[in-house]
Amino acid sequence: MAGIKFSNISFSYGDKKILEDFSLDVEDSQIMCLLGPSGCGKTTLMRCLLGLNKPASGEIYVGERCVFSKEKRINIPPERRGIGVVFQDYAVWPHMTVLENVCYPMKKHKIPKDEMDRKARYALEQVRMTDYAAYLPSQLSGGQQQRVAIARALVSSDEVIVMDEPITNLDAKLREEMLIEIRQIQKNIGTTILYITHDQEASLQLCDKMAIMDSEGRLSQIGTDEDIILRPASRFVFEFIGVSNFFRLSEKSGSWFFNGSSAMKYDGAVPDEYKTQVDLGVRPNDIVFDDSSEIRGRVRRSVFLGSEYNMFIDFNGQEVRVQRSTFDDGAEAVKEGSEVGLRFLNPVFYHAKEA
Ligand SMILES: Nc1ncnc2c1ncn2[C@@H]1O[C@H](COP(=O)(O)OP(=O)(O)OP(=O)(O)O)[C@@H](O)[C@H]1O
Ligand SMILES: [Mg+2]
C-alpha cells in the first residue's frame with residue numbers, strides 16, 4: 001500500500017493563485033478527508049495529484065514513487081500514476097454494462113483477460129454489485145451507479161483512491177449507506193483514500209484524519225475528528241466545523257459585558273490577553289439553562305429533531321442556538337416564549353473580528 005505526499009505544491013490558474021507551498025501527508029492505508037469551503041482549491045489539488053494540473057513548484061509522491069517533481073523534471077502522465085478516481089459528476093459510461101465499465105481502465109492498460117476478469121469480479125463483490133454485471137447504468141439506481149464507479153476506481157488501483165464529492169448527488173439515506181460501504185471496502189483492502197468534500201458529516205463518519213483547508217487554499221489544521229472538533233486550531237476551524245454561536249464582549253471598569261440592546265454582564269473569566277474587546281464562541285450543546293444565571297434570553301422557537309431539541313433563543317437582540325440531547329436525563333424542550341437563564345460551558349475566545 002502507499003500513502004500520498006504533497007510537498008510545497010504551488011498552482012495558479014492564469015494569475016490567480018490557488019495553492020501556494022501546499023504540503024500534506026496522507027498516511028498509508030488511511031482515509032483522509034480534505035475539507036474546505038467551496039472554491040478553496042480541493043479539486044485543483046486533486047487534479048495535481050492525478051496529473052491533470054501541472055504545479056509550478058513542488059513534489060508529489062505516491063508511496064515511494066515520485067509522480068511529479070518540478071526540480072527533478074518528473075511528470076508522470078495521468079494513466080501511469082496508478083490512482084483510482086471517483087468524481088461526483090463523472091460517474092459511469094452509459095453505453096457500457098457494469099462489467100464493461102469496471103474493465104475499461106484495465107483494457108486501456110492491456111491487462112490479460114483472465115486477470116481482468118478476476119479483478120473486476122473482486123471489485124464488484126466489494127461493492128456488492130456482482131449480480132448486476134450485465135446491467136446498463138440506466139437500469140441502476142444512483143447509489144448503484146456510484147458503487148460501480150467505486151469498483152472501477154478499485155481496479156485502477158487498490159493502493160490509492162481519490163474521491164471528490166463522490167456521493168453529493170445521492171439522497172441522505174443512500175449517502176449514509178455509501179459512507180459505511182466505503183469504510184468497509186477500505187478496511188477490507190487497506191486502500192489509502194483521499195476523500196474530498198465540504199460535507200462535514202460525511203468526513204466525521206468516514207475519516208481517520210481530517211485536513212481542513214481555509215478559503216485561501218492553506219491548511220488550517222490536520223488531526224483526528226476529535227482534535228478538530230474539541231481542539232480547533234483557529235477561529236476559522238471552530239466556525240467551519242459544526243454550529244457555533246459568537247458573542248462580542250466589551251470591557252468596562254474591570255468587567256466584561258455582552259454588546260447588545262441591554263448590556264448584560266458576563267460572569268466567567270476572559271483570558272488576560274484580551275483588553276477591551278473579545279469574541280466569545282460557544283457550541284449549541286455547551287449552552288445550558290440555569291435559572292440562577294443573570295444572562296437572560298427568551299425562547300423564540302423550539303424544534304424536536306428526534307435525537308435532540310434545537311432551540312433558538314433571543315438573547316440581547318441576537319439569535320442563539322441551543323441543543324439538548326433528548327437522551328439527557330430530564331431533557332425537554334423549553335416552552336416557546338419563556339424566559340431562560342443561560343450558562344456557557346467550554347467557551348473559546350478569539351480576537352474581535354472586524355464587522
Ligand atoms: N479551469 C479553471 N480555470 C480558472 N479557474 C479555475 C478553474 N478551475 C477552478 N478554478 C478556480 O479555482 C478555485 C478553486 O477551485 P476548485 O475547483 O479547486 O475548488 P473546490 O475547493 O474544489 O470547490 P468545491 O468545494 O466547490 O468543489 C476557484 O476559485 C475556481 O473558480
Ligand atoms: Mg471541488
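Since the model is a prediction, treat every value here as computed from it, not as a measurement. Both counts, for ligands and for their atoms, begin at 1 and track the order of listing. Residue numbers count from 1 along this sequence.
- Between Phe258 and Phe315, a ring centre-to-centre spacing shorter than 6.0 Å is recorded.
- Contacts with ligand 1 closer than 4.0 Å are made by no heavy atom of Met213, backbone or side chain.
- The residue among Pro37, Gly39, Gly14 with a heavy atom at the shortest distance from atom 28 (C) of ligand 1 is Gly39.
- In terms of modelled atom types and a separation under 3.5 Å, the side chain of Lys17 and the main chain of Gly14 share no donor-acceptor contact.
- Among protein heavy atoms, the minimum distance from atom 3 (N) of ligand 1 is reached at Tyr13 CD2, 3.5 Å.
- The Mg ion (ligand 2) does not have Ser38 among its coordinating residues (no N/O/S atom, backbone or side chain, under 2.8 Å).
- In the candidate list Asn53, Thr44, Thr197, Thr44 is nearest to atom 15 (O) of ligand 1, counting heavy atoms.
- Of all heavy-atom pairs between Ala2 and Asp28, the closest is N-OD1, 3.3 Å.
- With a 4.0 Å cut-off on non-hydrogen atoms, His198 touches ligand 1 through its side chain and not its backbone.
- When all heavy atoms are compared, the tightest approach of Phe68 to Gly58 is CE2-O, 3.3 Å.
- Ranking protein heavy atoms by distance to atom 31 (O) of ligand 1, first place goes to Lys16 NZ, 3.7 Å.
- For the pair Glu20 (side chain) and Gly217 (backbone), a donor-acceptor distance under 3.5 Å is absent.
- At the shortest separation from atom 12 (O) of ligand 1 among protein heavy atoms lies Ile18 CD1, 3.2 Å.
- Ligand 1 has a nitrogen or oxygen under 3.5 angstrom from a nitrogen or oxygen of Gly41.
- When each of Leu204, Ile212, Asp225 is paired with Ile241, the side-chain contact (heavy atoms from CB on, under 4.5 Å) condition holds for Ile212 and for no other.
- By heavy-atom distance, the residue among Cys48, Ser12, Ser38 lying nearest atom 26 (O) of ligand 1 is Ser38.
- Checked by distance only, ligand 1 and Gly36 stay at 3.5 Å or farther apart across all their nitrogen or oxygen atoms.
- Between the Asp279 side chain and the Lys353 main chain, a donor and an acceptor come within less than 3.5 Å of each other.
- Atom 25 (O) of ligand 1 has its closest protein heavy atom at Lys42 NZ, 2.7 Å.
- The distance criterion of under 3.5 Å between nitrogen or oxygen atoms is not met by Glu165 with respect to ligand 1.
- Geometrically, Arg301 engages Phe312 in a cation-pi contact, judged by NZ or CZ lying under 6.0 Å from the ring centre and within 45° of the ring axis.
- Looking at Arg324 and Val288, their side chains come closer than 4.5 Å, going by heavy atoms from C-beta outward.
- Under 4.0 Å from ligand 1, heavy atoms of Thr43 appear from its side chain as well as its backbone.
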